[in-house]
**Q** 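Please find one structure pasted underneath; my questions will follow.
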2 protein chains.
Amino acid sequence: MDRRLSEVEYEQHLHAARELLYDYLPLTDEQWEVFKQGFKIRNYLKGDFILNEGETERFLSIVISGCTRHYVMVKGEEKSFDFSFQHEFNCSYSSFIQQEPSMFFIQALEDCVLASIHYDFLQQLYLYYPESNKFGRTAVEQYYIWREQREISLMTDSAQERYIKLMEKYPIYLEQVPLKFLASYLNVKPESLSRIRKKILDER
Amino acid sequence: MDRRLSEVEYEQHLHAARELLYDYLPLTDEQWEVFKQGFKIRNYLKGDFILNEGETERFLSIVISGCTRHYVMVKGEEKSFDFSFQHEFNCSYSSFIQQEPSMFFIQALEDCVLASIHYDFLQQLYLYYPESNKFGRTAVEQYYIWREQREISLMTDSAQERYIKLMEKYPIYLEQVPLKFLASYLNVKPESLSRIRKKILDER
DNA sequence: ATTAAAAATTGACCTATGTTAAGAAGATGC
DNA sequence: GCATCTTCTTAACATAGGTCAATTTTTAAT
């Protein structure tokens, strides 16, 4: 974690968080006054670890700026299985859900600002504002669908197909993620991704 | 769907459903009287389709007996990506969550009895009993974790490793699922699964 | 700007899994 | 119980992607 933020910056980031949250949970000004107490603005430098394997994830965060990589270390190898870009949520969900040690690392791919809700605060919300339970449910539901899509893609598409689809649907991956991490996300070695990229170029 | 059930059988199945639900949502006798109105006992013969691709999933079900296979049809090929065994939930979740057409088929692998809650009833529950929102949330959270585990296994383990782990952790798959479906679940062709099984035998 | 370090590419060769085809073993129906 | 159909296995060959090693390109540090 990095330098202190000015009061003004802090408020700006909080405001941004409210905007981004709106689709899930539109809040009146009064509600927001309560809600914002639960937020913490955190900022990281490129390469910093936002969460380490074995730590329990205490925060559900919104990426105000920057992007993060989620990876697991298996047999001495890093496997990148998710990224969070600007305006998306960022969290080691299974750790957060269960409040048990995370199997994953989360690392800042760029300098990052996160607006983070603490687990305990969210539980309070669930308790006092039952409708926020719906917010929690909807969020997980969205992730569920995302994971399912990806699982099916891993089962049915070749690495080349996965690369092309990603390029077409989510070009941000190509713009913001180093190829070695992207390769891992596509479930191939960097050398193979290179070959795939070359093949695609040659075919044009 | 099959023969009519006797009143007694119907009540027995409902009772079983309550028992199975208990871990997620313990209910008093009075609560259960309300709750059980929302259940429907459905029964299927081996091979029946419980849900077809393109249909919207209206039910979240508990498998009272039997087991089901969830698969997607891609490029003319069936890909089995999930099974529901006795006492587990059964649902095309992403379809149910979004109330949009399912990408998946669900088929009875054996004769099946399901205790099913209708989507609309569940929404009513969420509305009138906010604590049941937690039930919905917890259920999806459990599935999320399951999908995540599987995704990581698909990324990091060889087919042989996946087979061995499955055999050791969940032998029920081997007992109840034909090898051709199991192969698909492990993301290999039946011929490859055969080779893997042979190799394991030879190594003993 | 210069140098060092990291990332990306390329080529030669290897391995796990896919493909095709055939036969053996098991299940199902009459 | 016999015939038929489906599932499972085996073998020969093909291929996508892995491995290892060298080279080029990009990025970062002084």
Side-chain angles (χ1 to χ4, degrees), chain A residues 2 44-48 66-67 69 71 74-81 83 107-111 153-167 173-204, chain B residues 45-48 66-67 69 71 74-81 83 107-111 153-167 173-204:
Chain A
D2 189 26
Y44 296 92
L45 292 178
K46 177 171 180 173
D48 281 355
C67 67
R69 171 173 79 106
Y71 69 93
V74 186
K75 301 165 197 164
E77 248 189 321
E78 294 182 2
K79 289 279 183 172
S80 301
F81 78 100
F83 301 91
Q107 191 183 26
L109 275 186
E110 309 282 343
D111 296 357
S153 175
L154 283 169
M155 285 184 78
T156 59
D157 298 332
S158 68
Q160 174 163 339
E161 286 171 316
R162 282 198 294 279
Y163 176 74
I164 291 173
K165 283 187 185 174
L166 200 69
M167 240 175 34
Y173 281 77
L174 214 45
E175 291 152 19
Q176 299 204 17
V177 179
L179 291 174
K180 63 172 177 166
F181 297 144
L182 199 60
S184 166
Y185 184 66
L186 296 170
N187 204 24
V188 290
K189 301 285 152 185
E191 295 90 332
S192 296
L193 179 53
S194 254
R195 269 179 296 185
I196 288 168
R197 283 160 58 80
K198 180 161 195 219
K199 193 172 159 218
I200 291 172
L201 273 177
D202 289 351
E203 279 168 5
R204 305 252 142 121
Chain B
L45 292 177
K46 177 171 180 172
D48 282 355
C67 67
R69 171 173 78 105
Y71 69 93
V74 185
K75 301 166 195 164
E77 248 188 322
E78 295 182 1
K79 288 279 181 172
S80 301
F81 79 100
F83 301 91
Q107 191 182 25
L109 274 186
E110 309 282 344
D111 297 357
S153 174
L154 283 170
M155 286 184 78
T156 59
D157 297 333
S158 68
Q160 175 164 339
E161 285 171 316
R162 284 198 292 279
Y163 176 74
I164 291 173
K165 283 187 185 175
L166 200 70
M167 241 175 35
Y173 280 78
L174 257 184
E175 291 152 19
Q176 300 205 16
V177 178
L179 290 175
K180 63 172 177 166
F181 298 144
L182 199 60
S184 166
Y185 184 66
L186 297 170
N187 203 24
V188 291
K189 302 285 152 185
E191 295 88 337
S192 296
L193 180 53
S194 255
R195 265 180 301 191
I196 288 167
R197 284 158 58 80
K198 180 160 195 220
K199 193 171 158 221
I200 291 172
L201 274 178
D202 289 352
E203 279 169 5
R204 307 252 143 123

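Order of the sequence lines fixes the chain letters, A, B, ..., with proteins taken first and strands second; residue numbering starts at 1 for each chain.
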**Q** Are A:Y185 and A:Y173 close enough that their ring centres sit under 6.0 Å apart?
**A**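 Close enough - the centres of the two rings lie under 6.0 Å apart.
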**Q** Which nucleotide, D:dT10, C:dT9, D:dG17, lies nearest any side-chain atom of A:S194?
**A**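 Nearest nucleotide to the side chain: C:dT9.
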**Q** Rounded to whole angstroms, how far apart are CG on A:L201 and P on C:dA8?
**A** 15 Å
**Q** Round to a whole Å and report the spacing from NZ of A:K46 to C1' of D:dA29.
**A**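 Spelled out: NZ on A:K46 to C1' on D:dA29 is 14 Å.
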**Q** Specify the separation, in whole Å, of atom CG of B:L179 and atom P of C:dA27.
**A** 11 Å
**Q** Could you tell me whether the side chain of B:E78 reaches within less than 4.5 Å of the side chain of B:F181, counting heavy atoms only?
**A**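 Side-chain contact under 4.5 Å: yes.
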**Q** I need the CG-P distance between A:N187 and C:dT17, as an integer number of Å.
**A**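 Interatomic distance, CG of A:N187 to P of C:dT17: 12 Å.
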**Q** Between A:A159 and A:E191, who's closer to the 5' end of DNA chain D by nearest nucleotide?
**A** A:A159
**Q** I want to confirm an ordering. Mapping B:S158 and A:F181 to their closest nucleotides on DNA chain C, which one lands closer to the 5' end?
**A**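 It is A:F181, whose closest nucleotide lies nearer the 5' terminus.
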**Q** Could you check how far CG of A:L186 sits from P of D:dA16, rounded to whole Å?
**A**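 Interatomic distance, CG of A:L186 to P of D:dA16: 17 Å.
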**Q** How many whole angstroms separate atom NZ of B:K199 from atom P of C:dT17?
**A** 8 Å
**Q** Looking only at side-chain atoms of A:K180, point me to the closest of D:dG17, C:dA8, D:dT6.
**A**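 Nearest nucleotide to the side chain: C:dA8.
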**Q** Is there a side-chain contact between A:D157 and A:Y163, using heavy atoms and a 4.5 Å cut-off?
**A** no
**Q** The helix from C:dA1-D:dT30 to C:dC30-D:dG1: angle between its terminal axes, five pairs each, to 10°?
**A** 60°
**Q** So A:Q160, base contact, sugar-phosphate only, or nothing? Heavy-atom distance under 4.0 Å.
**A** nothing
**Q** Just wondering, do B:R195 and B:V188 contact through their side chains at under 4.5 Å, heavy atoms?
**A** no
**Q** A side-chain contact here means heavy atoms from C-beta on lying under 4.5 Å apart; do A:I200 and A:Q160 qualify?
**A**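 Yes; the side chains approach each other to less than 4.5 Å.
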**Q** To the nearest Å, how far apart are B:I196 CD1 and C:dT17 C1'?
**A** 8 Å
**Q** Below 3.5 Å, does any donor atom in the side chain of A:R195 face an acceptor in the base of C:dG11, or the other way round?
**A**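 Not at all, since no donor on one side and acceptor on the other fall under 3.5 Å apart.
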**Q** Distance check needed: D:dC13 C1' versus B:K189 NZ, whole Å only.
**A**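 In whole Å, D:dC13 C1' lies 17 Å from B:K189 NZ.
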**Q** Is A:E191 close to A:S194 at the side-chain level, that is, under 4.5 Å between some pair of heavy atoms?
**A** no
**Q** Answer whether the closest heavy-atom distance between the side chains of B:L166 and B:R162 falls below 4.5 Å.
**A**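 Not in contact.
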